[in-house]
Amino acid sequence: MSNNVGWITEKLPRTIGEEITITSPDKFDIISGEPDVGFIVYDDDGTIGICSQFTRDESGNPSYKIKTTSLNTEIDIQDILSKNY
């Protein structure tokens with residue numbers, strides 16, 4: 001198995017374990033390997049997700065379920081500190 005790693009142009013959910021479904025491989029910028037089960041993606045905030053399911057429909061169109069597995073807590077800390085209390 002190759003190292004399947006890349007960026008996603010969409011924001012991943014900010015809750016660990018939450019999933020999104022991506023139906024367009026154009027939303028991935030691949031560094032190494034290819035998007036498939038186990039593909040690790042990072043969004044612009046540094047949130048990490050893993051492709052937990054990869055399927056194709058009858059026409060061959062892909063569908064990727066990406067599950068958030070790790071957060072860049074710096075994003076949350078900056079958001080909390082910017083609030084007025």
Side-chain angles (χ1 to χ4, degrees):
M1 176 186 228
S2 62
N3 295 323
N4 299 322
V5 179
W7 276 281
I8 189 167
T9 57
E10 229 173 84
K11 296 288 185 194
L12 294 169
R14 296 294 301 162
T15 303
I16 291 178
E18 189 173 338
E19 288 184 328
I20 60 170
T21 300
I22 304 294
T23 56
S24 173
D26 295 339
K27 297 199 178 209
F28 300 116
D29 289 326
I30 300 167
I31 297 171
S32 174
E34 59 188 59
D36 200 339
V37 173
F39 182 66
I40 300 170
V41 293
Y42 298 83
D43 70 10
D44 288 339
D45 289 339
T47 302
I48 300 171
I50 301 222
C51 181
S52 59
Q53 183 179 15
F54 170 71
T55 58
R56 291 191 182 271
D57 65 15
E58 307 82 38
S59 300
N61 299 313
S63 176
Y64 309 90
K65 284 203 183 280
I66 307 292
K67 183 182 289 189
T68 298
T69 57
S70 181
L71 303 176
N72 176 358
T73 55
E74 180 180 323
I75 300 300
D76 300 314
I77 291 168
Q78 292 300 322
D79 184 52
I80 290 167
L81 292 175
S82 70
K83 304 226 183 277
N84 291 323
Y85 295 97

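No experiment lies behind these values; they were computed from the predicted model shown.
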Is a donor on one side and an acceptor on the other found under 3.5 Å between the side chain of Asn4 and the backbone of Pro35? no

When hydrophobic residues are tied together by side-chain contacts of less than 4.5 Å, even through go-betweens, does Val37 share a cluster with Ile8? yes

Sequence neighbours excluded, the answer for salt bridge (charged side-chain N to carboxylate O under 4.0 Å, His left out) partners of Asp57 is none

For a quick test of reading the model, state the closest non-hydrogen atom pair linking Lys67 to Ser52 and the distance between them. CB-OG, 4.3 Å

Would you call Ile22 and Ile66 a side-chain contact if the rule is heavy atoms closer than 4.5 Å? yes

When rounded to the nearest 0.5 angstrom, what is the spacing between OG1 in Thr23 and CG in Asn61? 8.0 Å

Which pair of non-hydrogen atoms, one from Pro13 and one from Leu71, has the smallest distance, and what is that distance? O-CD2, 4.2 Å

Can I get a per-line list of side-chain donor-acceptor pairs under 3.5 Å for residues 24-31, giving both atom names and the distance, sequence neighbours left out?
from  : atom 1 : to    : atom 2 : distance (Å)
Ser24 : OG     : Asp26 : N      : 3.3
Lys27 : NZ     : Glu10 : OE2    : 2.6

Return the set of residues passing side chain to side chain contact (heavy atoms under 4.5 Å, CB included) with Glu58 (not counting sequence neighbours), or none when no residue passes. none

Can you measure from OG1 (Thr73) to CD (Gln78) and round to the nearest 0.5 angstrom? 10.0 Å

With sequence neighbours excluded, what pairs up with Thr9 under the side-chain hydrogen bond (donor to acceptor under 3.5 Å, both in side chains) test? none

Looking at residues at least two apart in the chain, or sitting in another chain, which of them share a side chain to side chain contact (heavy atoms under 4.5 Å, CB included) with Ile50? Ile40, Thr69

If you measure from CZ on Phe54 to OH on Tyr64, what distance do you get to the nearest 0.5 Å? 4.5 Å

Please enumerate all residues that pass side chain to side chain contact (heavy atoms under 4.5 Å, CB included) together with Thr15, with sequence neighbours excluded. Glu18

Go through the structure and list residues passing side chain to side chain contact (heavy atoms under 4.5 Å, CB included) with Ser70, not counting sequence neighbours. Ile48

Co-membership, hydrophobic cluster, residues Trp7 and Val5, 4.5 Å side-chain: yes

For Asp45, all residues meeting side-chain hydrogen bond (donor to acceptor under 3.5 Å, both in side chains), sequence neighbours excluded: Lys11

side-chain hydrogen bond (donor to acceptor under 3.5 Å, both in side chains) with Thr21: which residues, sequence neighbours excluded? Lys65

Report the residues that fulfil side-chain hydrogen bond (donor to acceptor under 3.5 Å, both in side chains) with Thr68, sequence neighbours left out, ordered by chain and then residue number. none

